[in-house]
J.: 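Structure below; questions to follow.
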Amino acid sequence: MRNDRKMDVSFSPRAEDVIRRFMKVAERTMPNATLVPIINWWTEGTFTDKVTGKVTKLGPSIDVGAIEAEKLTDELVVSMGGLKVAIEVPEELQSAGRLNFDFLDGSFVLAGD
């Protein structure tokens with residue numbers, strides 16, 4: 001785990017609530033694993049349904065998932081009220097001094113200062 005990056009990260013109460021509720025479900029699904037919530041960025045892409053041929057545009061989006069603690073590599077790890085959260089910081093945000101996560105209209109977003 002890389003913790004050498006200096007970045008101020010905060011979570012709105014809505015974002016924190018969604019992450020904590022997600023982790024309760026993830027921990028019930030994998031009770032013997034030591035799971036850490038992880039925030040992933042998805043850039044634009046497409047998905048093609050093999051049956052219908054329909055092409056769906058995906059992203060960009062921010063999602064939360066869970067990863068086993070021992071599988072973390074170079075993610076930024078921050079504390080969210082006592083819970084460690086891993087963040088895959090995309091290259092274009094590597095130099096950002098601050099990330100503020102919010103959860104609006106069913107999606108994670110980066111909120112401005």
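Computed from a predicted structure; not experimentally measured.
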J.: Quick one: are R20 and P37 in side-chain contact, heavy atoms under 4.5 Å?
T.: no
J.: Please determine whether the number of non-hydrogen atoms from other residues, nucleotides or ligands lying under 6.0 Å from atom CD of E70 exceeds 12.
T.: yes
J.: Quick one: pull up CD in E88 and CD1 in I67 and give me the separation to the nearest 0.5 Å.
T.: 7.0 Å
J.: Would you confirm whether Q94, through its side chain, and V89, through its main-chain N or O, come within 3.5 Å as a donor-acceptor pair?
T.: yes
J.: Are the side chains of T56 and D49 in contact, using a 4.5 Å heavy-atom criterion?
T.: no
J.: For T48 and G53, which heavy atoms make the closest approach, and how far apart are they?
T.: CG2-O, 4.0 Å
J.: Is E75 reaching over with its side chain to a backbone N or O of T73, donor-acceptor style, under 3.5 angstrom?
T.: yes
J.: Would you say V64 and F101 make side-chain contact, with heavy atoms under 4.5 Å?
T.: no
J.: Considering all heavy atoms of both residues, which atom of G65 and which atom of N40 are nearest to each other, and what is their separation?
T.: N-ND2, 4.4 Å
J.: Following the transitive rule for hydrophobic clusters with a side-chain heavy-atom cut-off under 4.5 Å over Ile, Leu, Val, Met, Phe, Trp and Tyr, establish whether F22 and V9 coincide in one cluster.
T.: yes
J.: So if you build clusters from Ile, Leu, Val, Met, Phe, Trp, Tyr with side-chain heavy-atom gaps below 4.5 Å, do M80 and V78 land together?
T.: yes
J.: For the atom pair CG (L99) and CZ (F11), what is the distance rounded to the nearest 0.5 Å?
T.: 9.0 Å
J.: Between V85 and M30, is there shared hydrophobic-cluster membership here, with clusters defined by ILVMFWY side-chain heavy atoms closer than 4.5 Å?
T.: yes
J.: On a heavy-atom basis, which atom in S12 and which in D102 lie closest, and how many Å separate them?
T.: OG-OD1, 2.6 Å
J.: CG/L35 to OG1/T29 distance, rounded to the nearest 0.5 angstrom?
T.: 9.0 Å
J.: Rounded at 0.5 Å granularity, tell me how far CD1 in I62 sits from CD1 in I87.
T.: 10.0 Å
J.: Just how far is it from atom CE of M23 to atom CD1 of I38, taken to the nearest 0.5 Å?
T.: 10.5 Å
J.: To the nearest 0.5 Å, what is the distance between CD1 (I19) and CZ (F108)?
T.: 4.5 Å
